[in-house]
Each structure stands twice: as C-alpha cells, then as structure tokens.
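Order of appearance sets the numbers: ligands from 1, and atoms from 1 within every ligand. If you read the sequence from its start, that first residue is 1, and numbering goes on from there. Heavy-atom basis, side chains included; hydrogens, waters and symmetry copies ignored.
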Amino acid sequence: MSEKMQVTRELFDEVMVPNYAPSNIIPVRGEGSRVWDQNDNELIDFAGGIAVNCLGHCHPALVGAITEQANKIWHVSNIMTNEPALRLAKKLTDATFADRVYFANSGAESNEAALKLARRWALDNHGSHKEQIIAFKQGFHGRTFFTVTVGGQEAYSDGFGPKPGAIDHIEYNDLAALKALMSDKTCAVMMEPLQGEGGLNSPTNEFVKGVRELCNEHNALLIFDEIQTGFGRLGSLYEYIDLEVIPDILTSAKSLGGGFPIGAMLTTKDIASSLKAGTHGSTYGGNPLACAVGEAVMDIVNTPEVLNGVKEKEIQIRTGLEAINAKYNVFSDIRGKGLLLGPVLNEQYHNRAGEFMKASADHGLMVLVAGANVIRFAPSLVIPNEDIVEGLAKFEQAVASVVNG
Ligand SMILES: *Cc1c(COP(=O)(O)O)cnc(C)c1O
C-alpha cells in the first residue's frame with residue numbers, strides 16, 4: 001500500500017468549506033463504543049455519530065456484510081434492481097405498516113421524497129388546492145431546500161432566496177393550533193415522534209393521537225420523520241409502534257445504515273402508486289453496499305434482546321445522571337427516551353451545553369448537544385454496561401470541571 005499523506009486538523013480550515021466547525025480531535029479508529037484519535041487517546045462514544053452508529057464502531061456483522069458485498073457488486077443504478085435492496089425492502093415491509101419502500105442516501109433525501117410524494121398524491125387524488133404542508137417549530141427534517149423549509153427553524157432556511165411555498169408551522173404539542181389551521185387544503189402533516197435536534201421534546205399521547213384523527217378528518221397524510229427516533233433508538237423498531245399511531249409515510253435513515261449512508265421512505269401501496277415510473281429518483285438510492293449493511297443492521301436491531309436492552313440501558317444512564325445531578329445540581333430535567341437522552345441545563349448553566357460537550361471531550365467522552373441548553377446522548381444500542389459506567393464517570397469529571405470553572 002502506498003504511504004498516505006500526514007494530515008492535521010489545521011488542514012480543515014485550508015481545504016474545507018467552513019460550514020462545519022469540527023472539534024480538534026481526529027478519530028482514526030473505533031471498536032464498539034470506544035474510539036481512538038490520531039494521538040491514540042481513547043474516547044468513550046455517547047454520541048454515536050449523531051444517533052447513527054447503532055451497533056457501535058466496526059461491528060463484526062456489519063464489517064462482514066459490507067466485505068461480502070464489496071467482493072460481489074458495488075453499484076448498478078436503478079436501471080436494474082439488486083438483491084440486497086430487495087431483501088431489505090422485504091424485511092422493512094414485513095416489520096412495519098408499510099407495503100412499499102423507496103431508498104435514498106440520507107435522511108433529507110428520504111424526507112424530500114416523502115414531501116414530493118405527499119404533494120403528488122394530493123394532486124392525483126384531490127386537486128391542486130390541496131398543497132398545504134403543516135410542520136412544527138423546532139422540528140428538523142434535513143438540509144435540502146424543501147426539507148429545511150419544512151423544518152421549524154427559520155435560521156436554517158433563511159438566506160437562500162425564495163422558499164418552497166404552502167408550508168406552515170405551529171407549536172409542537174399544540175393540538176388546538178393544528179385543528180384551527182387544518183382544512184381540505186392540507187396535504188400533509190410532517191412531524192418527528194420525538195423532536196431530536198430541536199431539544200428532545202416528547203409528544204403527549206393526546207397530541208399524537210389527535211394529529212392522526214385530524215389527518216383522517218381532512219384527508220391529509222401523516223408523515224412521521226423517524227430518522228432519529230427509528231431503528232431501535234427509542235426502544236421499538238420505530239416509535240410509531242410504541243405510540244400506537246400509524247403514519248401514512250415514514251422516513252428512516254441514521255441508524256438504518258449503522259454508519260453507512262442510506263435512507264428509506266416507507267408507505268402504503270395506495271399512496272406509493274403516485275410515484276409512478278419517472279416521477280422521482282436517485283442514482284445511488286438502493287445501492288447494494290448500503291442495503292447489504294442495512295439488512296445486517298436490521299437483523300440485529302429488530303430483536304427483543306437489543307430492543308429490551310435499550311430500555312435497560314436507558315434506566316442505567318438516567319440513574320447515573322440523577323446521581324451526578326444530586327452532587328452538582330446542574331440539570332433541571334432529563335428529556336428523551338430509550339438511548340436518545342438529554343440532560344437539560346438548569347437556569348444557572350443556561351446556554352452552556354457546548355461547554356459541557358467540550359469538557360466531556362477533554363475528559364475522554366464524546367457527547368452531543370440539542371440546542372444551547374440540552375446535552376444529548378445517543379450511544380450505540382448495544383453499548384456494554386461497563387462502557388456506560390466509564391462514560392458516566394468521565395461525564396461526572398466534565399460536569400465537575402465546568403461547575404468548578
Ligand atoms: C438527522 C435528521 C434528518 C436529516 O438527515 P440527513 O441524513 O442529515 O440528511 C432529518 N430528520 C431528522 C429527524 C433527523 O434527525
């Protein structure tokens with residue numbers, strides 16, 4: 001093998017577009033829930049590549065699946081179908097309400113497909129007046145122009161010229177506002193069944209059930225964005241199963257690929273019929289390598305051992321966080337569910353989530369934030385209990401360092 005060029009974090013600022021501001025640490029390898037950087041410093045991973053590495057790093061089954069497929073065929077495009085895509089689609093439809101699958105390469109692309117499908121379905125079945133899309137403030141649906149406009153943070157969608165139209169936002173959990181806004185012009189309601197990026201906001205049961213009823217009443221489609229909540233993250237394969245509210249369209253990405261880029265849009269046979277041949281597409285979508293990995297992820301995640309394990313690990317982490325809070329009094333609440341957990345900083349530490357994230361990294365722990373006041377943990381669904389213990393100990397050191405200035 002040829003000798004590779006030596007690179008450092010400084011090079012980022014010289015060769016990359018400055019839309020990201022990455023940490024100074026450059027991870028070079030990982031195993032399970034541990035990661036090592038260029039200087040061989042070890043980190044415990046509670047970030048999971050932003051809720052993506054649901055089986056940790058380099059899980060043997062995923063390495064096996066990708067290696068096996070890499071030695072067979074990498075890409076054919078959608079001029080032809082392929083075996084891994086067919087197998088993964090079959091497994092996804094068998095395990096969910098859906099009968100049809102569209103594969104994409106990311107979450108945003110899956111949502112883009114969902115929104116285009118909803119608009120086309122409404123046009124086909126009801127007419128051009130039915131174009132309103134309702135979504136929620138603090139919601140996040142990706143960064144393409146359509147999806148970022150449907151997302152509920154104008155800071156992300158402003159400044160790029162004219163936006164796609166007929167998109168309205170209301171407060172999450174405000175059923176009365178939704179009722180007031182909906183009419184026969186409503187094409188779809190798009191929501192996360194627990195808002196991830198927006199601060200780990202859980203829906204009330206009444207709200208989710210009410211959204212479904214209002215959609216039925218107005219012949220509007222309910223789109224669940226399960227890109228962050230899905231694939232075992234909250235303790236069920238998809239959160240709609242636990243909520244007992246069935247959407248019309250569901251999008252999945254992040255954990256679906258366990259670290260390999262893939263996204264999927266799931267829907268019913270009837271609704272899918274509006275995406276006729278030629279209406280939408282993607283060169284890479286349904287790529288054999290991606291689908292082979294997705295299939296291997298699903299075979300492991302969609303088992304009682306892993307899904308029940310998520311609930312047990314949630315208790316372990318919550319208990320640990322409560323113990324830390326009893327000592328240092330920094331959190332006002334612990335939001336989230338399953339292995340998407342968010343200690344909320346109390347008044348005294350407001351707007352300092354980034355500082356806790358930085359201190360955690362300095363103490364050998366990778367964590368995330370969800371806004372300025374919420375620290376976010378999204379570890380592997382199979383993180384060993386001893387790694388949770390060690391990670392929490394590092395987190396306590398980080399909290400102590402911030403508290404003690
Ligand atoms: C991450 C995320 C997306 C965007 O996914 P990408 O793969 O970054 O395009 C969309 N919706 C939700 C809920 C997400 O968490």
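- For atom 2 (C) of ligand 1, the closest non-hydrogen atom on the protein side is K254 NZ, 2.5 Å.
- The side-chain heavy atoms of Y240 and P193, taken from C-beta on, include no pair separated by under 4.5 Å.
- Surrounding OH of Y284 are at most 12 heavy atoms belonging to other residues, nucleotides or ligands under 6.0 Å away.
- There is no side-chain donor-acceptor pair under 3.5 Å between Q316 and T319.
- Not one N or O of G142 is nearer than 3.5 Å to an N or O of ligand 1, by distance alone.
- Per-atom contact check: atom 8 (O) of ligand 1 does not touch the protein, criterion being a heavy-atom distance below 4.0 Å.
- Atoms of ligand 1 lying under 4.0 Å from any heavy atom of E192, numbered from 1 in the order shown and given with element: 13 (C).
- Of all atoms in ligand 1, listed by their number and element, those nearer than 4.0 Å to a heavy atom of H141 are 10 (C), 11 (N).
- For ligand 1, the atoms closer than 4.0 angstrom to any heavy atom of D225 are 10 (C), 11 (N), 12 (C), 13 (C).
- Residue S106 approaches ligand 1 through these ligand atoms, each under 4.0 Å from one of its heavy atoms: 7 (O), 9 (O).
- Within a 6.0 Å sphere centred on CD of E217, other residues, nucleotides and ligands contribute more than 12 heavy atoms.
- The atoms of ligand 1 that sit less than 4.0 Å from any heavy atom of A108 are 4 (C), 5 (O), 6 (P), 9 (O).
- In summary, the atoms of ligand 1 found under 4.0 Å from a heavy atom of G107, numbered by their order in the structure, are 5 (O), 6 (P), 7 (O), 9 (O).
- Here R100 does not pair with D270 in a salt bridge; the nearest charged N to carboxylate O distance is not below 4.0 Å.
- Of the N or O atoms in Q228, one or more lie within a sub-3.5 Å distance of an N or O in ligand 1.
- Residue N111 touches ligand 1 through its side chain alone, judged by heavy-atom distances below 4.0 Å.
- No more than 12 heavy atoms of other residues, nucleotides or ligands shown are found within 6.0 angstrom of NZ on K185.
- Side-chain contact of D124 with S274: a donor-acceptor pair under 3.5 Å is present, judged by distance alone.
- Residues I44 and F395 have side chains not in contact (no heavy-atom distance under 4.5 Å, counting atoms from C-beta outward).
- For ligand 1, none of its N or O atoms has an N or O atom of I227 under 3.5 Å away.
- Polar contact with ligand 1: absent for A253 (N/O pair, distance under 3.5 Å).
- Between E109 and ligand 1, no pair of N/O atoms sits closer than 3.5 Å.
- Remark: the T186 side chain and the Q132 side chain contain an N/O donor-acceptor pair separated by less than 3.5 Å.
- Residues F97 and Y238 place their aromatic rings such that the two centres sit no closer than 6.0 Å.
- If you number the atoms of ligand 1 from 1 as listed, the ones under 4.0 Å from a heavy atom of F140 come out as 2 (C), 3 (C), 4 (C), 11 (N), 12 (C), 13 (C), 14 (C).
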